[in-house]
There are 2 protein chains.
Amino acid sequence: MADDDVTADPSPAGRYDEALGYLVKHVHLAHQRASDAALAPLGLTSRDLGVVRVIATGAATSQQEIGALLGIDRTSMVAMLDDLEDRGLVRRQPSPHDRRRNVLALTPEGERTYQDAEREIAVVDAKFLEPLSSNDSRRFARALRTLLDAADGADRGPG
Amino acid sequence: MADDDVTADPSPAGRYDEALGYLVKHVHLAHQRASDAALAPLGLTSRDLGVVRVIATGAATSQQEIGALLGIDRTSMVAMLDDLEDRGLVRRQPSPHDRRRNVLALTPEGERTYQDAEREIAVVDAKFLEPLSSNDSRRFARALRTLLDAADGADRGPG
DNA sequence: TATTGTTATACTCTATAACTATA
DNA sequence: TATAGTTATAGAGTATAACAATA
C-alpha cells in the first residue's frame, strides 16, 4: 500500500468527509441500512414502511397522494402496492366519492406488521442516536425538521 | 378489536413526517437537489463533485480507493472517470509503483472547476443552514459527524 | 377536457461475472 | 493466485408517454 506521492498537497480545501453534503448523505445511508436490516425479517423495506406509515396514520389515502408525500412517482406506486396487496398487508378499495381513486387501507395483518415495524424502527432510532446526549438528540431532530421545512418552502419559491 | 374502520384513527403512531428516517432522507434529498442545481452550470453533479473532491484533497488516488470512500462501485467509477476525463477535468496516469493502478489527478482546468464548485457549494451550505443559528449549525454538523462515525464503526461490527 | 390508475418503455444506477494486464 | 481496471449484462428505481375509466 505504498502511497504514491504524486499528490504533494495533503488537503488544500478541507477533508472530503467534512462536507455537509457528504455528512448528510452518509448519515442517511447509514440509517437506511440499519432500518432495512431491522425490517427485513418482516418482509419490509424502509421504503415500504414509509408507504404503510402514511396509510396507517391517515395522512393520505389515494395512491397519488401517498406518492406525492413521499416523493414516489405514481407509476412506481402501482408496483409497490401490487406487492403489498399480494402479501395481504394493504387493500385497495374504489372510493365511493370518486371511483377513479383507490382508497388504501391496512388489513388487520398489515396493521400488525406495521406495529411490529414501528417497534423495530424505534430500536433502530434509539441505537442510532445513542452517541448523542438526549438533549443533543432532541436538538438534532428539531434541526432536521427546521431545515426540511425551510428547504421545502424554498423549493416552492419564496412568496 | 373492530378496527376495520377505514380511517377512524387519525394518528396512532405519530405523524409520517416526524420519523427520524423520513427527516434524514428528505433533508439529504433537499440538500442534494440544491447542490445539483448550483453545480449544473459547471457541468457537474454532486456525485461528480464527491469524486473530484477526493482527488483534489488527496484522500485517495486509485479508482477503487476513491470508490470505496464514497460507496461507489468500481464498475461505476469507470464510466464516471471516462466522462470526467473526456471533459478534460481529470487525468489517469498509470502508477509507476504498480502499473495495474491508475493514479487520478486533476488537470489545471479540473482544479479551476473544482474551486468554482466548492465556492458554489459553500453558498448552498450557507443558505441551507440559514434557518439555524450559527451555534445550532455547528452543533448540527458535529452531531452528523458523531452519528456517522458511530454508525460506520457499528457496520464493521463491535470490536 | 382533466384526472386516477395502469401499462409499456426507456434511461439511469447499481450489481455480477468474466476478461486483461499486471503483481 | 490475487488484484486494478475494464467490459458486458442484468437488475433495480425512476421517468415519460399513452391508454381506459371516470369526473
Side-chain angles (χ1 to χ4, degrees), chain A residues 1-4 6 21 25-26 28-30 32-33 35-37 39-40 43-51 54-55 60-86 90-105, chain B residues 21 25-26 28-30 32-33 35-37 39-40 43-51 54-55 59-86 90-105:
Chain A
M1 305 273 157
D3 281 14
D4 292 302
V6 175
K25 173 176 186 170
H26 287 262
H28 160 49
L29 292 176
Q32 189 173 61
R33 263 195 307 274
S35 298
D36 283 332
L39 294 175
L44 293 179
T45 64
S46 49
R47 200 176 171 77
D48 291 328
L49 176 56
V51 170
V54 167
I55 297 172
T61 58
S62 82
Q63 301 189 185
Q64 290 198 38
E65 282 169 357
I66 298 169
L69 289 182
L70 298 173
I72 303 174
D73 193 82
R74 62 181 179 151
T75 63
S76 303
M77 289 297 299
V78 175
M80 281 193 76
L81 290 173
D82 283 350
D83 186 47
L84 292 171
E85 196 175 34
D86 287 349
V90 309
R91 208 172 35 205
R92 284 171 163 113
Q93 299 168 289
S95 162
H97 304 92
D98 179 346
R99 300 215 309 283
R100 292 173 303 183
R101 298 161 68 91
N102 286 339
V103 173
L104 276 298
Chain B
K25 173 176 185 171
H26 287 262
H28 159 50
L29 292 177
Q32 190 174 61
R33 262 195 307 274
S35 297
D36 282 333
L39 294 175
L44 293 178
T45 64
S46 50
R47 201 177 171 76
D48 289 329
L49 176 57
V51 170
V54 167
I55 298 172
T61 58
S62 82
Q63 300 188 185
Q64 291 197 38
E65 282 169 356
I66 297 168
L69 290 183
L70 298 173
I72 303 174
D73 194 81
R74 63 181 179 150
T75 63
S76 303
M77 289 297 300
V78 176
M80 280 192 76
L81 290 172
D82 283 350
D83 185 48
L84 292 171
E85 196 175 35
D86 287 348
V90 310
R91 207 173 35 207
R92 284 170 162 113
Q93 298 167 288
S95 163
H97 305 91
D98 179 347
R99 299 212 312 283
R100 291 173 304 181
R101 299 162 67 92
N102 285 339
V103 173
L104 276 297

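This one's a predicted model, so the numbers in the text were calculated from it and none came from an experiment. Just so we're on the same page: letters track the sequence lines, and every chain starts at 1.
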[X] [atom1] to [N] [atom2]: how many Å, rounded?
X	N	atom1	atom2	value
L29(A)	dG13(D)	CG	C1'	15 Å
M77(B)	dC13(C)	CE	C1'	14 Å
Q32(B)	dC13(C)	CD	P	10 Å

Please tabulate, one pair per line, each protein N/O and nucleotide N/O from nucleotides 17-23 of chain C that are separated by under 3.5 Å, including the distance.
unit_1  : atom_1 : unit_2 : atom_2 : d
dA23(C) : OP1    : R99(B) : N      : 3.2

Legend entry - Set of residues satisfying side chain to side chain donor-acceptor pair (under 3.5 Å) with respect to S46(A), sequence neighbours excluded: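 With sequence neighbours excluded, S46(A) shows a side chain to side chain donor-acceptor pair (under 3.5 Å) to D36(A), given in chain and number order.
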Inset, instruction - Using the test side chain to side chain donor-acceptor pair (under 3.5 Å), find all partners of R47(B) that sit at least two apart in sequence or belong to another chain. - result: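 In terms of side chain to side chain donor-acceptor pair (under 3.5 Å), with neighbours along the sequence ignored, R47(B) is linked to no residue.
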Inset, instruction - Tell me what N102(B) touches on the nucleic acid: a base, only sugar-phosphate, or nothing, going by heavy atoms under 4.0 Å. - result: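 N102(B): backbone/sugar contact only, no base atoms under 4.0 Å.
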Inset, instruction - State whether R92(A) places a side-chain N or O below 4.0 Å from either non-bridging phosphate oxygen (OP1 or OP2) of dT4(C). - result: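 False: R92(A) side-chain N/O out of range (4.0 Å or more) of dT4(C) OP1/OP2.
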Inset, instruction - Indicate whether OP1 or OP2 belonging to dA4(D) is found under 4.0 Å from a side-chain N or O atom of Q64(B). - result: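 For dA4(D), OP1 or OP2 has a side-chain N or O of Q64(B) closer than 4.0 Å.
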Restricting to side-chain contact (heavy atoms from CB on, under 4.5 Å), what partner residues turn up for [X], sequence neighbours left out?
X	result
T75(B)	D73(B)
R91(B)	Q93(B), A105(B), T107(B)
R92(B)	Q63(B), V78(B), L81(B), D82(B), E85(B), N102(B), L104(B)

Inset, instruction - Taking all non-hydrogen atoms of both residues into account, name the closest pair between A60(B) and L69(B) and its distance. - result: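 In this case the closest contact between A60(B) and L69(B) is CB-CD1, 3.8 Å.
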